[in-house]
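Sequence lines set the chain letters: A, B, ... in the order given, protein chains first and strands last, and positions in each chain run from 1.
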Amino acid sequence: MSVLKPLDKLPALNTATGLLVGTEDALLQQLADSMLKEDCASELRVHLAKSLPLPSNVNRPRIDLIVFVINLHSKYSLQHVQESLRHVDASFFLGRVCFLSTGAGQEHHCSIHRNTVLKLAHTYRSPLLFCDLEVEDFRATMAQRLVRMLLVCAGHVPGVSALSLLSLLRSSETPPPEEL
Amino acid sequence: MEQLLQEQAAAESADSGEAGGAGGLLQVAGAQEARSDDRMTLLLRLRAQTKQQLLEYKSMIDANEEKTPEQIMQEKQIEAKIEDLENEIEEVKIALEMKNLTLARMQLSTALKKNLEKNNTMSSVLMDDMKHILKLNKLIMKSQQESWELEEKLLDVRKKRLQLKQASESKLLEIQTEKNKQKEDLDNVENSDKIKTMQQNLQKEIQITTVIQHVFQNLILGSKTNWAEDSALKETVLQLEKNLTMI
């Protein structure tokens with residue numbers, strides 16, 4: 001059972017690698033394309049995975065940022081993500097993990113309550129982003145944000161580390177009182 | 001990395017060689033300069049990146065040296081501990097920012113001092129700005145003083161009003177008690193026995209007089225004289241009709 005550990009390999013020069021984990025292949029592909037279209041000085045590589053653990057026979061560079069994509073319309077994606085979370089080392093959650101939930105726009109299709117994802121993100125102390133990945137403009141904006149996060153996590157931005165970005169992204173709202 | 005450096009050195013020497021040449025070669029030199037600039041920026045960026053990554057690895061090593069407590073704590077305790085640690089991080093960051101600010105301020109003030117020493121101290125724009133600032137500050141202090149005094153006056157007036165209100169309240173209370181006492185006295189007087197006996201006597205006298213009146217009336221009526229003709233008799237009879245209880 002291989003566990004993803006951050007900083008276990010030496011970084012490649014001027015390269016940042018991100019990993020998108022989620023069950024919706026089309027959405028992940030589109031998001032990865034938007035991310036790669038972004039103009040930035042470093043080389044970007046984006047890996048896509050349906051679930052962890054990743055097959056260990058592939059030689060891959062060290063992963064700087066993991067984005068778990070949860071589709072609020074299907075409970076299956078949430079389950080999958082929760083199972084994959086077990087294969088991630090604890091030190092990854094110091095700023096190199098991000099949760100992205102999509103599909104919050106169509107309220108009547110949502111089978112997962114917003115608070116569930118909020119609680120999940122709160123338990124893992126990681127930032128939670130909301131985005132409707134079907135809409136082109138929102139996807140482009142989210143891709144920009146993710147690329148910036150990826151650059152910070154890869155160490156390409158001097159003076160900002162993944163942990164400091166995490167404390168900057170900490171949301172001021174606590175989970176609703178009925179769940180505490 | 002070394003290869004890149006060598007290429008860059010070659011480009012620079014080529015530049016200096018061509019700089020003394022014809023003007024047509026100047027454009028090519030410009031393009032090569034741009035490329036070497038790009039290489040410089042790339043190198044500097046890579047340097048910054050490797051520095052940052054080295055810092056991250058070092059901090060990971062330092063963090064791993066700390067032993068995590070093995071005791072099994074409840075989830076709430078763990079959450080509380082995590083929040084404490086996060087707050088610690090925040091405080092350290094804030095302290096760092098404050099120190100940076102103070103350092104920048106100190107640097108600014110020394111630079112300012114040196115600038116002032118160099119230039120003519122009376123005519124620079126800086127001096128004008130500082131004089132303006134001093135003027136404004138004096139104005140601010142004056143207006144603050146004035147507003148403080150006005151507030152004091154307002155406070156005094158309010159105190160006086162309160163005192164007056166309290167005095168009037170006590171006076172009204174006195175008036176009320178006096179009135180109540182008067183009413184009590186009146187009631188007492190009304191209910192005293194002397195008044196009662198006097199009232200009883202009055203009633204008896206009225207009854208006696210009424211009886212006497214009726215007797216005289218019946219006397220005159222019984223004498224069967226025509227009392228309506230004589231005016232004096234008429235007056236007497238009518239007077240006897242008067243109901244004495246209504247006087």
Side-chain angles (χ1 to χ4, degrees), chain A residues 5-17 40-44 61-65 89-96 119-127 148 150-175 177 179-180, chain B residues 1-5 35 37-70 73-97 99-101 103-104:
Chain A
K5 285 203 214 292
L7 302 179
D8 55 349
K9 300 189 188 131
L10 287 178
L13 213 53
N14 210 22
T15 317
T17 313
C40 78
S42 328
E43 272 179 45
L44 290 177
R62 78 162 192 179
I63 297 192
D64 297 311
L65 174 70
D89 187 47
S91 44
F92 238 114
F93 291 102
L94 290 172
R96 291 174 208 272
K119 198 153 179 267
L120 180 69
H122 183 75
T123 321
Y124 284 98
R125 306 261 143 193
S126 299
R148 282 303 287 172
L150 179 58
L151 287 178
V152 167
C153 293
H156 291 198
V157 180
V160 187
S161 77
L163 203 54
S164 55
L165 185 64
L166 180 64
S167 60
L168 278 176
L169 282 176
R170 191 163 311 289
S171 97
S172 49
E173 43 175 80
T174 53
E179 302 203 305
L180 284 175
Chain B
M1 202 68 139
E2 289 179 34
Q3 230 178 3
L4 275 168
L5 272 170
R35 254 186 291 135
D37 275 342
D38 282 339
R39 289 203 186 110
M40 277 298 285
T41 21
L42 175 68
L43 276 177
L44 287 171
R45 232 187 44 240
L46 287 176
R47 182 169 168 267
Q49 274 180 21
T50 20
K51 252 186 160 177
Q52 179 76 14
Q53 284 164 348
L54 179 65
L55 186 66
E56 282 180 8
Y57 277 108
K58 269 191 183 167
S59 57
M60 273 295 264
I61 292 173
D62 285 337
N64 280 340
E65 278 174 1
E66 263 192 47
K67 285 206 216 132
T68 51
E70 286 302 329
M73 288 191 280
Q74 280 192 342
E75 193 174 309
K76 286 235 167 76
Q77 286 178 323
I78 291 180
E79 287 223 347
K81 252 207 154 176
I82 289 177
E83 290 208 11
D84 285 338
L85 290 170
E86 282 172 2
N87 285 344
E88 264 191 55
I89 292 178
E90 285 292 320
E91 277 171 26
V92 170
K93 276 172 92 167
I94 290 173
L96 180 68
E97 280 299 315
K99 284 179 188 153
N100 280 345
L101 262 176
L103 270 174

More than 12 heavy atoms of other residues, nucleotides or ligands under 6.0 Å from CZ of A:R62: yes or no?
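Counting other residues, nucleotides and ligands, CZ of A:R62 exceeds 12 neighbours.
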Using a cut-off of under 4.5 Å on heavy-atom pairs, state which of A:L94, A:L10, A:V160, A:T123 scores highest against chain B.
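Looking at each option in turn, the highest pair count goes to A:V160.
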Where is the tightest heavy-atom contact between [X] and [Y], given as atom of each residue plus distance?
| X | Y | result |
| --- | --- | --- |
| A:V152 | B:E56 | O-OE2, 4.0 Å |
| B:Q53 | A:G155 | CG-CA, 4.3 Å |
| A:V157 | B:Q52 | O-CD, 3.7 Å |

So what's closer than 4.5 Å to chain B heavy atoms on A:S164: side chain, backbone, both or neither?
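Both backbone and side chain of A:S164 come within 4.5 Å of chain B.
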To the nearest 0.5 Å, what is the distance between CG on A:L13 and OG1 on B:T50?
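A:L13 CG to B:T50 OG1: 7.0 Å, rounded to 0.5 Å.
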Exercise: do A:S167 and B:K93 side chains pair donor with acceptor under 3.5 Å
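Checked: A:S167/B:K93 side chains pair up, N/O donor to acceptor below 3.5 Å.
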Check whether any side-chain heavy atom of A:S42 sits under 4.5 Å from a side-chain heavy atom of B:Q49, and report yes or no.
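The answer is yes; the side chains approach within 4.5 Å.
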Minimum side-chain heavy-atom gap B:R45-A:H156 below 4.5 Å
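No, every pair of side-chain atoms sits at 4.5 Å or beyond.
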